[in-house]
4 protein chains.
Amino acid sequence: MGAVKSKRMPRAVRERQMLDAAVRTFGQRGYRTASMDEIAELAGVSKPLVYLYLNSKESLFTACIRREAKALTEAVRAGVRAGLPADRQLWDGLQAFFTHTAENPDGWAVLHLQARTHGEPFAAEVAAMREELVAFVTELIAVAAREAHRDPSLAEGEVAGLAEALVGAAESLADWANAAPGVTARQAAATLMNFAWAGLGNLMDGRPWSPPSGTDVLAAPALTSAAGAPPR
Amino acid sequence: MGAVKSKRMPRAVRERQMLDAAVRTFGQRGYRTASMDEIAELAGVSKPLVYLYLNSKESLFTACIRREAKALTEAVRAGVRAGLPADRQLWDGLQAFFTHTAENPDGWAVLHLQARTHGEPFAAEVAAMREELVAFVTELIAVAAREAHRDPSLAEGEVAGLAEALVGAAESLADWANAAPGVTARQAAATLMNFAWAGLGNLMDGRPWSPPSGTDVLAAPALTSAAGAPPR
Amino acid sequence: MGAVKSKRMPRAVRERQMLDAAVRTFGQRGYRTASMDEIAELAGVSKPLVYLYLNSKESLFTACIRREAKALTEAVRAGVRAGLPADRQLWDGLQAFFTHTAENPDGWAVLHLQARTHGEPFAAEVAAMREELVAFVTELIAVAAREAHRDPSLAEGEVAGLAEALVGAAESLADWANAAPGVTARQAAATLMNFAWAGLGNLMDGRPWSPPSGTDVLAAPALTSAAGAPPR
Amino acid sequence: MGAVKSKRMPRAVRERQMLDAAVRTFGQRGYRTASMDEIAELAGVSKPLVYLYLNSKESLFTACIRREAKALTEAVRAGVRAGLPADRQLWDGLQAFFTHTAENPDGWAVLHLQARTHGEPFAAEVAAMREELVAFVTELIAVAAREAHRDPSLAEGEVAGLAEALVGAAESLADWANAAPGVTARQAAATLMNFAWAGLGNLMDGRPWSPPSGTDVLAAPALTSAAGAPPR
DNA sequence: GATGAATGAGATTTCATTCAT
DNA sequence: GATGAATGAAATCTCATTCAT
């Protein structure tokens, strides 16, 4: 299971191996439960080397959080193109989000489970990333309001709550999709778009949100088929 | 710091004191970080007595989870009256939920943060409670579908995702409301109702969900004011 | 070598055993070299018990310093009677000093060697004790000056240097007497009295200091015999 | 912080840099606390090079002790001219001693504090140097005895104690002078000469030792002023 | 000649848990 | 019923020391 032991690697490579091992171990066993011994072994190096490069368990964990937070936000950003309609941007961002969390379950566990649970140096780190996502969603809602010609737009405090709710729902669905074997990232994104954009009330009346046609017309989100096919 | 030492209390009372101390300690310091010493001291008893009554740290933590899970689900259930319209039931349930989590922050931390983070005996325990809440929401959505005369109703797997999203959003907003000083349980519930029932799309068009008049006409939810007074 | 293991001793007794073991270990192997394992084993207890009672290596070492410092100063004080002539008081104090250091070589090593070498929490602790001894000697010199009707007495700064020199010589002779097998505390005290009171110049001229007759007329100090027998 | 890295220096120079760094580090932080990393960095070389030149920490420390011991004894020897009266030789030697210890506090700490505290290879090393100083003082006392026409001289064992006391007092005063900011080497030497040569008894009677006029008539020792100006 | 890469061994400290009274 | 006394096991971290280039 541990990486093949090959000696004398350049520092950057070793450091990556250590972070990989640490994310995996922290994600699966938790910050406190994971031991530096485990991580070193999984990385295929001795414990002192881990300390030499990453200083302490705390600092190692922080490095994991930063790396995974950066990877996640960059994945979302890369999935979205500015200039498209707000719902389209949200749809793209959610797909990127669910894809990334599905492909990096340990990193996601580090961010969503471990970092928030184990107190102050870490919670702040992940809170920064979360705020970035919330800000992104807030901006999208503001754009949507402009597109709908609503003047004056929604009060600021209210939008904050809505963005918070949307991000929270997305986080929760990421766990759900990772746990339920058959659920794809695309399905999770579709479910959330319907829920968040159309709302339960509309869904009850048979008026779901439907994905925009565009680069990826391959598959329609799950709910559409079950709910008639109204154009948006 | 601990409670005043008074000997020879009936077992049930002592046990409650211990659980109170444990919930507080686990909630504030985390499962691994909290020590049995701390808990015993806070409970005002000696450590062996804690072991006599609750066997082990694991079993003590499990007891905490069960007690807090029961308290939370019962609070939600008590807040809802069957027979009312689905959105009204949801509204009442959410208010009860946010009220309870605001009044029991340590218990909520145990359930939402600690129990999920620290592996298998505990994650299952809290998952059971969560399923109960999800099932409750799922049932509400089914009721709503019937009320809307939709036959056949939404496919089962899709409703599961929606319920999951709603519960996830609620959990997230509970943390958000606990952290933001000025946010009341009622405001959190209103925000979530708008988001979940009306959906962002409708909100953009100025058609929010509005709370039913009834027992609590005292305060209108936050979003209503900004959105005119549409009929429900 | 370790004390007989007998379980369930009252805390005070155990604590004394631990301090005994610690003084011996620190004195013979040094603060850094001595390990908590060694000390616990020598005390006949497990390591955690040492931590339970004495908190940390640093705090254990500090406790050793305090205990030994108190024992030494009290031994000196107990050996001296106020009201006697200054040289007699000094003679009595030195005898008590050399007797105590000879009987407690490990405690003396802790105070004189280890505590001074290992930095700040400890150096200050032993400096306080040393100042007490220096102050005692300074006072004796002042008394001697009064007895000699010297007005004005020696300048203060000068007396400080003299007292420092006397104490330093005593410390050094304590090590010397402990290392040289045949040297008794009485001989060490006599040597120092001659050196410090009469001075090398007088000794060269055959005018040593001679011990007062009194309670302990049993043995004359070493130098007297070799240097004629002038009455004082 | 470390010296500028410049490659390809002759071995002797490199070795000196390392010893300088080691003396400073050992003197300020202690033998055990100082790490080879620190020393190598301060010396501006890589750790393996230190090992290549000086083999081990133990051997490095021994080299430090030897170098500093040699420097100190040579300084004292260089300060004294044979043929002069004994008290003059002693006065000159003490001045050299206090001057050297004041100018090399780290070296003095290595010799007086660290080397004696950290067990056997080192204690023997510094004991050899000390014996040299004690032998020098012993010889001076013998010379003084001859000058005073005392035959037979003081018994050997007794002189040993006196020399020991004198050296101990000098060591102690070196620390004292280094710690007290205003005390010069000359003042320390004068204090000790008065104490050791005249003795407290004579000082009480107003008969201090007074320094010989000669090469350094610049400053009179501290005690002289307070004690008239008796010829030697 | 010089060093970046790497480690074996051991240090202090903590904690859940159990006896014996 | 209740507790003071005690420990086995394991955690984090440090350091002198050595390869391989």
Side-chain angles (χ1 to χ4, degrees), chain A residues 5-11 13-15 32-40 44-60, chain B residues 5-11 14 32-40 44-61, chain C residues 5-11 13-15 32-40 44-60, chain D residues 5 7-11 14 32-40 44-53 55-61:
Chain A
K5 258 193 201 180
S6 59
K7 311 233 162 176
R8 303 278 145 173
M9 323 249 315
R11 172 168 181 150
V13 176
R14 274 278 189 254
E15 232 174 89
R32 294 296 300 242
T33 309
S35 80
M36 296 298 270
D37 275 292
E38 273 180 284
I39 294 170
V45 297
S46 71
K47 221 181 343 172
L49 200 59
V50 181
Y51 278 92
L52 188 61
Y53 286 178
L54 287 136
N55 301 319
S56 70
K57 194 185 191 183
E58 191 169 316
S59 138
L60 171 59
Chain B
K5 261 189 204 181
S6 59
K7 310 225 164 182
R8 306 282 149 167
M9 323 236 332
R11 168 158 184 155
R14 272 276 152 91
R32 293 292 301 245
T33 308
S35 80
M36 295 298 269
D37 276 284
E38 272 179 284
I39 294 170
V45 297
S46 73
K47 221 178 351 173
L49 199 59
V50 179
Y51 277 87
L52 188 62
Y53 282 8
L54 286 140
N55 303 316
S56 70
K57 194 186 194 187
E58 193 171 313
S59 137
L60 171 59
F61 191 44
Chain C
K5 258 192 203 181
S6 59
K7 311 235 160 170
R8 304 278 145 175
M9 323 248 317
R11 173 169 181 149
V13 176
R14 274 278 190 256
E15 232 174 89
R32 295 295 301 244
T33 308
S35 82
M36 295 299 269
D37 274 292
E38 274 180 282
I39 293 169
V45 298
S46 71
K47 224 183 339 175
L49 199 59
V50 180
Y51 278 91
L52 188 61
Y53 285 177
L54 276 321
N55 302 317
S56 69
K57 194 185 192 183
E58 190 170 317
S59 138
L60 171 58
Chain D
K5 261 189 205 182
K7 310 225 164 182
R8 306 281 149 168
M9 322 236 333
R11 168 156 186 155
R14 272 275 152 91
R32 293 293 301 243
T33 308
S35 80
M36 295 298 270
D37 276 285
E38 274 179 281
I39 294 170
V45 298
S46 74
K47 219 175 357 169
L49 199 59
V50 180
Y51 277 89
L52 188 62
Y53 282 8
N55 302 317
S56 71
K57 195 185 193 186
E58 193 171 312
S59 136
L60 170 59
F61 191 44

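Below, read A as the first sequence line, B as the second, and so on, with proteins coming before strands; counting in each chain starts at 1. A quick note: this is a predicted structure, and the numbers were derived from the prediction, not measured.
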Checklist outcome for this item: Here the pair of heavy atoms bringing Ala40(B) nearest to Ser46(B) is CB-C, 4.1 Å
Item to check | Integer-rounded Å distance: dA11(F) P and Arg32(A) CZ | outcome: 11 Å
Next on the checklist: Between C1' on dT17(E) and CG on Leu49(C), what's the gap in Å once rounded to a whole number?
Outcome noted: 15 Å
Checklist entry - Any side-chain N or O of Tyr53(C) less than 4.0 Å from the OP1 or OP2 oxygen of dA6(F)? => result yes
Next on the checklist: I want to check one thing: is the phosphate of dC15(E), taken as OP1 and OP2, less than 4.0 Å away from some side-chain N or O of Tyr51(C)?
Outcome noted: no
Checklist entry - Dot-bracket for DNA chain E: what is it, with Watson-Crick or G-U pairs under 3.5 Å, [ ] where a pair crosses earlier ones, and | for a pair to another strand? => result .||||||||||||||||||||
Item to check | Residue met sooner reading DNA chain F from 5', once Asn55(D) and Glu58(A) are mapped to nucleotides | outcome: Glu58(A)
Checklist entry - Counting any heavy atom closer than 4.0 Å, what does Arg11(D) reach on the DNA or RNA strands: base, sugar-phosphate only, or nothing? => result nothing
Checklist entry - Got a second to check how far Leu60(C)'s CG is from Leu54(C)'s CG, nearest 0.5 Å? => result 4.5 Å
Checklist entry - Considering only dA6(F), dT12(F), dT3(E), which nucleotide approaches the side chain of Ser35(A) most closely? => result dT12(F)
Item to check | Presence of Arg14(D) side-chain N/O under 4.0 Å of dA2(E) phosphate oxygens OP1/OP2 | outcome: yes
Checklist entry - For the side chain of Pro48(A), counting heavy atoms from C-beta on, which of dT3(E), dG8(E), dA6(F) is nearest? => result dG8(E)
Next on the checklist: The side chain of Met9(A) is closest to which nucleotide in this list: dT12(E), dA6(F), dA6(E)?
Outcome noted: dA6(E)
Checklist outcome for this item: Closest heavy-atom pair, Met36(B) versus Tyr51(B), reported as atoms and distance to 0.1 Å, is CG-OH, 3.5 Å
Item to check | Approximate separation, where rounding is to 0.5 Å, of Leu52(A) CG and Arg14(A) CZ | outcome: 12.0 Å
Next on the checklist: Mind checking if Ala40(A) touches a base, just sugar-phosphate, or nothing, with heavy atoms under 4.0 Å?
Outcome noted: nothing
Checklist entry - Looking only at heavy atoms, what is the nearest atom pair of Thr33(D) and Glu38(D), with distance? => result O-OE1, 3.7 Å
Checklist outcome for this item: Between Ala34(B) and Ser56(C), the residue closer to the 5' end of DNA chain E by nearest nucleotide is Ser56(C)
Checklist entry - Given dA5(E), dT7(F), dT3(F), which nucleotide is nearest the side-chain atoms of Ser46(B)? => result dT3(F)
Checklist entry - Can you find an N or O donor on one side and an acceptor on the other, under 3.5 Å apart, linking the side chain of Lys47(D) with the base of dT3(E)? => result no
Item to check | Closest approach of Ser56(A) to Ser59(A) (non-hydrogen atoms, all atoms of both residues) | outcome: OG-N, 3.0 Å
Checklist outcome for this item: Considering only heavy side-chain atoms of Lys57(A), the closest of dA6(E), dA11(F), dT13(E) is dA11(F)
Item to check | Residue mapping more 5' on DNA chain F - nearest nucleotide basis, Met36(A) or Leu52(B) | outcome: Leu52(B)
Item to check | Gap between atoms CG and P, on Leu54(B) and dT17(E) respectively (whole Å) | outcome: 12 Å
Item to check | Value in whole Å for how far the P atom of dA5(E) lies from CG of Asp37(D) | outcome: 14 Å
Checklist entry - What is the distance, rounded to the nearest whole Å, between atom CG of Leu60(D) and atom C1' of dC15(F)? => result 15 Å
Item to check | d(CD1, Ile39(B); P, dA16(E)) in whole Å | outcome: 8 Å
